[in-house]
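Single-structure report; data block below.
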Amino acid sequence: MMASAVANPRPASSGIKRLFERFPFLPALMILAVLLALNGLYQPRSVSFIGMTGLVKTYLALIMLAIAQTYVVFAGDIDLSAGAIVSLVNVVIVVLMEQWGGSGLSVMAALGVGLAVGLACGIVNGIVVAALRLQAIVATFATSIFFTGLALYVLPVAGTPAPAAFWRTYGGRFFEIPFVLYAVVVLAMVIYVLARTRLATQLLAIGDDSQAAFQSGLPVTAIRIRGYALCGIFAALAAFCITGDTASGDPLVGGKMTLFSVAAVVLGGSALSGGFGTVVGSLIGALIIGLINSLVFFVGTPSEWQNLVQGLAILVALMAGVLVGRRARA
């Protein structure tokens, strides 16, 4: 009896370990639940359907950018130009929409160009990092300056309005359902499909051991370039979201978003060294940052202290998530 009682905890602990290894975003999910409860405590309307829809609408751009960053991080890389790509695509589509008249067809054409711009930026990053073998953190920092310069050339001063047809669609309703919820459903389907492609698995394999991946026959350089290309596409989608939310063009709008996207990836349980993580976790991490920002506002933090408190709260959430995940996998 005594021997069996002592032996029982091992399978339970190993089961929890396997659960956290399979779902590395579980600590982030716990933090999300706590933040939802705290937001509801200080502002009950924030956890209503309307409040949650507003949260998703505001932070859908960050969710997209966190997903973009994840595919690069899978391979052990990083993209410090992601926010600059958002800024560039934002001003390109706003300027084109204005020049082409702002009708439905011109809006769709401008969005197509925006996707092409994001894809081109991602490919440039991939070639510089993977093909030319420059350090990702240095190379993408340099390309971020270049992309920001292009954005300032396209639109030197912020404020050009987006066509009403665009931002009214983004903030509107269809069949009494907010448009952003349709966008979330489509995003979930895209993530589901991408998770079952070879690209995601190959990126993780490269992040885990690039030398072993190369020796097994994987085209490491080409796969890393594809990861950056995918990052560029999602950064363009993030630009669409932020344009719909702000209804204007701003060549510096994505400046702060890059580091937030990296924080969201880490909050979601992904390893910056590569080879471990999930896209779902990054999505949850982005929502955590959004809820932290909302909570700081709801508790009545003075404006001059809000950035400090937000930074500390994100740091605490990062430490809590890492410690919980580490103890569960130990």
Side-chain angles (χ1 to χ4, degrees), residues 20 23-43 46-47 51-52 54-70 72-73 78-84 86-87 137 140-141 144 231 234-235 238 241-242 245 252-273 276-328:
F20 275 80
F23 304 106
F25 55 82
L26 285 179
L29 201 58
M30 297 175 190
I31 295 171
L32 182 70
V34 172
L35 286 170
L36 278 172
L38 290 173
N39 273 265
L41 180 65
Y42 284 97
Q43 178 52 267
S46 67
V47 293
M52 294 306 299
L55 178 75
V56 172
K57 176 176 175 289
T58 302
Y59 289 98
L60 187 56
L62 180 58
I63 290 171
M64 293 286 190
L65 201 62
I67 293 170
Q69 195 73 248
T70 306
V72 175
V73 169
I78 196 168
D79 189 355
L80 295 185
S81 72
V86 171
S87 299
I137 193 169
T140 56
F141 175 71
S144 73
C231 177
F234 273 99
C241 297
I242 206 165
D245 191 46
L252 302 176
V253 70
K256 293 174 61 176
M257 294 179 66
T258 299
L259 296 183
F260 277 137
S261 69
V262 175
V265 170
V266 178
L267 277 168
S270 295
L272 288 181
S273 57
F276 184 79
T278 64
V279 173
V280 174
S282 299
L283 187 154
I284 295 172
L287 288 176
I288 287 173
I289 292 174
L291 286 171
I292 287 174
N293 293 343
S294 299
L295 183 61
V296 169
F297 176 77
F298 291 146
V299 299
T301 307
S303 58
E304 64 269 22
W305 290 94
Q306 285 185 5
N307 284 337
L308 175 63
V309 175
Q310 287 170 3
L312 287 173
I314 292 172
L315 182 61
V316 170
L318 280 169
M319 290 189 297
V322 169
L323 290 174
V324 171
R326 188 178 296 167
R327 287 180 65 87

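In terms of heavy atoms, Ala28 sits closest to Gly268 at CB-CA, 4.2 Å. Between Asp79 and Cys231 the shortest heavy-atom distance is OD2-SG, 3.3 Å. The shortest non-hydrogen separation linking Val86 to Met257 is CG1-SD, 4.3 Å.
Expressed to the nearest 0.5 Å, how far CG of Asp245 lies from OG1 of Thr58 amounts to 5.0 Å. In this structure, CG on Leu291 lies 6.0 Å from CE on Met52, to the nearest 0.5 angstrom. Between the CD1 atom of Ile67 and the CD1 atom of Ile63 there is a distance of 7.0 Å, given to the nearest 0.5 Å. Of the inter-residue distances, the one linking Leu62 atom CG with Ile242 atom CD1 reads 9.0 Å to the nearest 0.5 angstrom. Considering CG of Leu283 and CG of Leu32, their distance stands at 9.5 Å, rounded to 0.5 Å. Between the CZ atom in Phe276 and the OG atom in Ser270 there is a gap of 8.0 Å [rounded to 0.5 Å].
Residue Phe298 qualifies as enclosed at atom CZ: its count of foreign heavy atoms under 6.0 Å is above 12. The environment of CD1 in Ile137 is sparse: at most 12 heavy-atom neighbours from other residues, nucleotides or ligands sit within 6.0 Å.
Considering only residues two or more places apart in sequence or on other chains, Val34 meets the side-chain contact (heavy atoms from CB on, under 4.5 Å) condition with Leu38. Considering only residues two or more places apart in sequence or on other chains, Ser87 meets the side chain to side chain donor-acceptor pair (under 3.5 Å) condition with none of them. Residues meeting the side-chain contact (heavy atoms from CB on, under 4.5 Å) test with Leu272, sequence neighbours left out: Val73, Val262, Val266.
The side chain to side chain donor-acceptor pair (under 3.5 Å) pairs that include a residue from residues 253-262 are Gln69-Ser261, where partners are two or more places apart or lie in different chains. Sorted by first and then second residue, the pairs that involve residues 292-309 and meet side chain to side chain donor-acceptor pair (under 3.5 Å), not counting sequence neighbours, are Tyr59-Asn293. Listed by first and then second residue, the side chain to side chain donor-acceptor pair (under 3.5 Å) pairs involving residues 281-292 are Thr70-Ser282 (not counting sequence neighbours).
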(message) As a quick check of understanding, evaluate side chain to side chain contact (heavy atoms under 4.5 Å, CB included) for Phe260 and Leu65, giving each step before the final call.
(response) CA-CA 9 Å; Phe260 277 137; Leu65 201 62; over 6 Å; no
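With contacts defined as side-chain heavy-atom distances shorter than 4.5 Å, the pair Leu267/Ile284 does not qualify.
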